[in-house]
Amino acid sequence: MTPGDSGMMPPSKVLVTGGAGFIGSAVIRLLVGEIGCAVVNVDKLTYAANPSSLAPIDHSPLYAFEQVDICDRTAIAAVLQKHQPDAIMHLAAESHVDRSIDGPGDFIQSNIVGTYTLLEAVRGYWMEMPEESRSRLRFHHISTDEVFGSLGTEGAFTEETRYDPRSPYSASKASSDHLVRAWHETYGLPVVLSNCSNNYGPYHFPEKLIPLMIIKGIRGEPLPVYGKGENIRDWLYVDDHARALWAILSKGRTGESYNVGGDDEVPNIEVVARVCALLDALTPRADGVSHDQQITFVQDRPGHDFRYAIDATKLTRELGWSPRETFETGLRKTVTWYLENNDWWERILDGRYAGQRLGSTETSSD
Ligand code: DAU
């Protein structure tokens with residue numbers, strides 16, 4: 001590899017945590033499959049992990065897998081020693097807001113204790129490195145726009161927006177962001193952070209809005225829209241996020257954070273209507289009725305953030321990134337992928353998650 005425009009040498013071996021998850025697997029498919037960078041995937045393989053999402057690259061000599069929990073410091077230290085990565089991309093996290101309402105404990109453990117434990121293991125590894133490699137190491141913490149809280153109808157989150165998390169999930173991610181910055185300020189660990197808006201695309205676990213609506217749509221089941229469906233999210237195709245993460249890791253300034261977003265704000269009810277229109281076109285119902293007749297309005301999510309919107313100007317200006325997909329092109333690709341890959345999601349529905357309502361306060365306990 002040669003130095004990029006920034007003069008920085010891109011990493012040649014990246015340890016990715018949570019690489020069997022939705023965004024993590026997209027990152028690994030990009031790094032191994034397109035960029036030619038070696039990857040060590042460290043994943044505990046919780047309910048949301050799908051090693052089959054890595055099938056396109058898992059035979060590559062550039063790819064290695066270690067089934068390890070980020071909360072296990074000894075095991076993480078051993079993996080670092082064994083593989084000697086020159087960068088860490090930390091994506092392992094509990095990520096589903098509704099599950100954080102039902103059971104916040106796992107979020108505190110994985111997202112806060114896990115990040116702390118990983119930071120300490122990486123700090124130990126970094127301090128033992130020879131000077132030349134030491135100055136090259138990078139710890140990239142991948143986070144969410146939800147740390148900034150909920151917007152009204154106007155404005156967008158910038159890197160300067162005050163943190164205001166409102167769910168157990170977003171509070172745990174905000175805590176992990178603070179830990180990463182503290183390890184930079186206090187110990188000098190070379191970190192970079194990013195906060196991204198809602199992702200969608202192939203291999204997305206069907207607890208999230210878009211894959212859940214596609215799958216329930218295909219199966220002729222009711223499509224549960226929370227409240228009145230007026231909440232707004234800013235959608236980004238997952239492969240565009242993966243490319244942004246590589247740009248930030250390889251060219252971003254140490255100690256900085258970068259917002260990532262698609263500038264594609266859509267109210268939930270419109271997201272579901274667009275999924276229905278695509279299903280009508282690609283797989284019409286036998287009775288000729290539109291899939292939108294399956295839409296049902298259900299009890300709202302407690303503490304439901306109204307709107308997220310990302311201002312990604314800094315990322316575009318400094319690192320030259322922009323998304324390749326619009327919501328229209330990305331959603332068509334996504335619906336088509338779910339129609340062609342039912343074996344991938346049917347295995348999940350048969351065992352790990354059957355599509356039931358999560359995050360209703362009436363059923364919450366921890
Ligand atoms: O903004 C980034 C975040 O986006 C990530 O950090 C999270 O990990 C990711 O889960 C996502 O959070 P959301 O809560 O926005 O995603 P979710 O797919 O759960 O819900 C999207 C919107 O759709 C939200 O307003 C709630 C609504 N919804 C969700 C489900 C599952 C429904 O109306 N019906 C549903 O069945």
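Counting starts at 1 for both ligands and their atoms, following the listed order. These figures come from a predicted structure and were not determined experimentally.
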So which bit of [X] gets within less than 4.0 Å of ligand 1, heavy atoms only: side chain, backbone, both or neither?
X: M213; value: side chain
X: K173; value: neither
X: S170; value: neither
X: K208; value: both

- So, is the end of the R99 side chain (NZ or CZ) under 6.0 Å from the ring centre of Y353 and within 45° of the ring's axis?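 Judged by the rule, R99 and Y353 form a cation-pi pair.
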- Is it true that the NZ or CZ of R243 lies under 6.0 Å from the centre of W321's six-membered ring and within 45 degrees of the ring axis? no
Check ligand 1 against [X] and write out every atom of the ligand that is under 4.0 Å from a heavy-atom position of the residue.
X: L212; result: 36 (O)
X: T144; result: 1 (O), 2 (C), 3 (C), 5 (C), 6 (O)
X: D145; result: 1 (O), 2 (C)
X: E207; result: 31 (C)

- Other than I232, which residues form its hydrophobic cluster under the rule that side-chain heavy atoms must be closer than 4.5 Å?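 I232 clusters with F306.
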- Query: Would you call the rings of Y203 and W337 parallel, tilted or perpendicular, where under 30° means parallel and over 60° means perpendicular?
  - Reply: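 Taking W337 first and then Y203, their aromatic rings sit tilted (interplane angle of 30° to 60°).
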- Message: Classify the ring geometry of H90 against H141: parallel below 30°, tilted from 30° to 60°, perpendicular beyond 60°.
- Response: tilted
- Query: Less than 6.0 Å separating the ring centroids of Y237 and F327?
  - Reply: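 Judged by ring-centre distance (under 6.0 Å), Y237 and F327 do not meet the cut-off.
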- Query: With distance as the sole test, does D280 use its side chain to make a donor-acceptor pair with the main-chain N or O of H291 at under 3.5 Å?
  - Reply: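 Pair found, side chain donor or acceptor close to backbone of H291.
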- Item | Protein heavy atom at shortest distance from atom 19 (O) of ligand 1 |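 Looking only at protein heavy atoms, the one closest to atom 19 (O) of ligand 1 is R301 NH2, 2.9 Å.
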- From the candidates H96, R233, K228, the one that places a heavy atom nearest atom 15 (O) of ligand 1: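 Looking at heavy atoms only, R233 sits closest to atom 15 (O) of ligand 1.
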